[in-house]
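The structure under discussion appears below in the form of structure tokens.
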Amino acid sequence: GDSVTQTEGQVALSEEDFLTIHCNYSASGYPTLFWYVQYPGEGPQLLFRASRDKEKGSSRGFEATYDKGTTSFHLRKASVQESDSAVYYCALSRNSNNRIFFGDGTQLVVKP
Amino acid sequence: ETAVFQTPNYHVTQVGNEVSFNCKQTLGHDTMYWYKQDSKKLLKIMFSYNNKQLIVNETVPRRFSPQSSDKAHLNLRIKSVEPEDSAVYLCASSIDWGYAEQFFGPGTRLTVL
């Protein structure tokens with residue numbers, strides 16, 4: 001079945017560090033891939049999405065590239081800020097089954 | 001700007017009590033959802049409604065029941081709460097059933113003593 005795997009449960013960085021959160025998926029065809037972010041006290045919100053191989057999604061300095069060859073959609077940011085501290089979810093959806101599958105989430109803590 | 005509203009923000013109750021949570025969306029969306037988020041931040045879908053009709057009912061205990069009066073409202077009732085029901089309950093909506101971008105409310109945190 002469809003699934004999303006996030007390797008890191010928690011990531012601790014200092015401001016201006018480079019961020020990578022790994023996301024690998026399992027699904028047939030070309031699912032739509034998403035990154036959602038959840039700030040403390042709020043619900044998750046969409047960061048960006050991608051639907052085609054090699055397509056890059058980006059927002060607020062974060063980016064990820066859809067890679068069908070490695071079935072990955074890793075989240076990256078060149079220089080994190082304390083305000084980026086949040087939980088990040090990778091997710092996928094295939095129109096054929098109208099479902100969205102979330103990864104387990106990665107808690108990012110950025111220290112000043 | 002918040003467009004998915006949930007009440008209450010927090011609720012503390014005793015085992016065996018009944019609780020009810022409310023959700024309203026002002027986005028004009030056709031589909032609404034309830035998720036449970038546990039202490040490890042795992043998101044688990046519970047129910048999906050499209051135009052007031054139940055579409056997806058994941059394997060949840062029978063004490064949970066969704067209620068929809070119109071496509072803008074989706075409430076959640078828990079008939080007899082148990083300690084493992086302590087969690088954050090998130091309501092979400094999307095344009096329609098085939099559209100995966102979801103808009104979430106801020107959640108209701110339930111604590112069962």
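Values below: every heavy atom of this structure, side chains too, minus hydrogens, waters and symmetry copies. Below, chain A is the first sequence line, B the second, and so on; all start at residue 1.
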Kindly compute the distance separating CD (B/E101) from CZ (A/F48), expressed to the nearest 0.5 Å.
13.0 Å
Atom NZ of B/K71 with >12 non-hydrogen neighbours under 6.0 angstrom
yes
Are there over 12 heavy-atom neighbours, none belonging to A/F18, within less than 6.0 Å of that residue's CZ?
yes
Same cluster for B/L76 and B/V12 if Ile/Leu/Val/Met/Phe/Trp/Tyr side chains link at under 4.5 Å?
no
Can you find a heavy atom in the side chain of B/S94 that is under 4.5 Å from one in the side chain of A/I100?
no
Heavy atoms from other residues, nucleotides or ligands near CD of A/E16 exceed 12 (cutoff 6.0 Å):
no
So which bits of residues 34-46 of chain B come within less than 4.5 Å of chain A, counting non-hydrogen atoms only?
B/Y35, B/Q37, B/K40, B/K41, B/L42, B/L43, B/I45
Output the residues of residues 104-112 of chain A for which the shortest heavy-atom distance to chain B is under 4.5 Å, in residue-number order; output 'none' if no such residue exists.
A/D104, A/Q107
Please report the closest heavy-atom contact between A/P44 and B/L90, naming both atoms and the distance.
CD-CD1, 4.0 Å
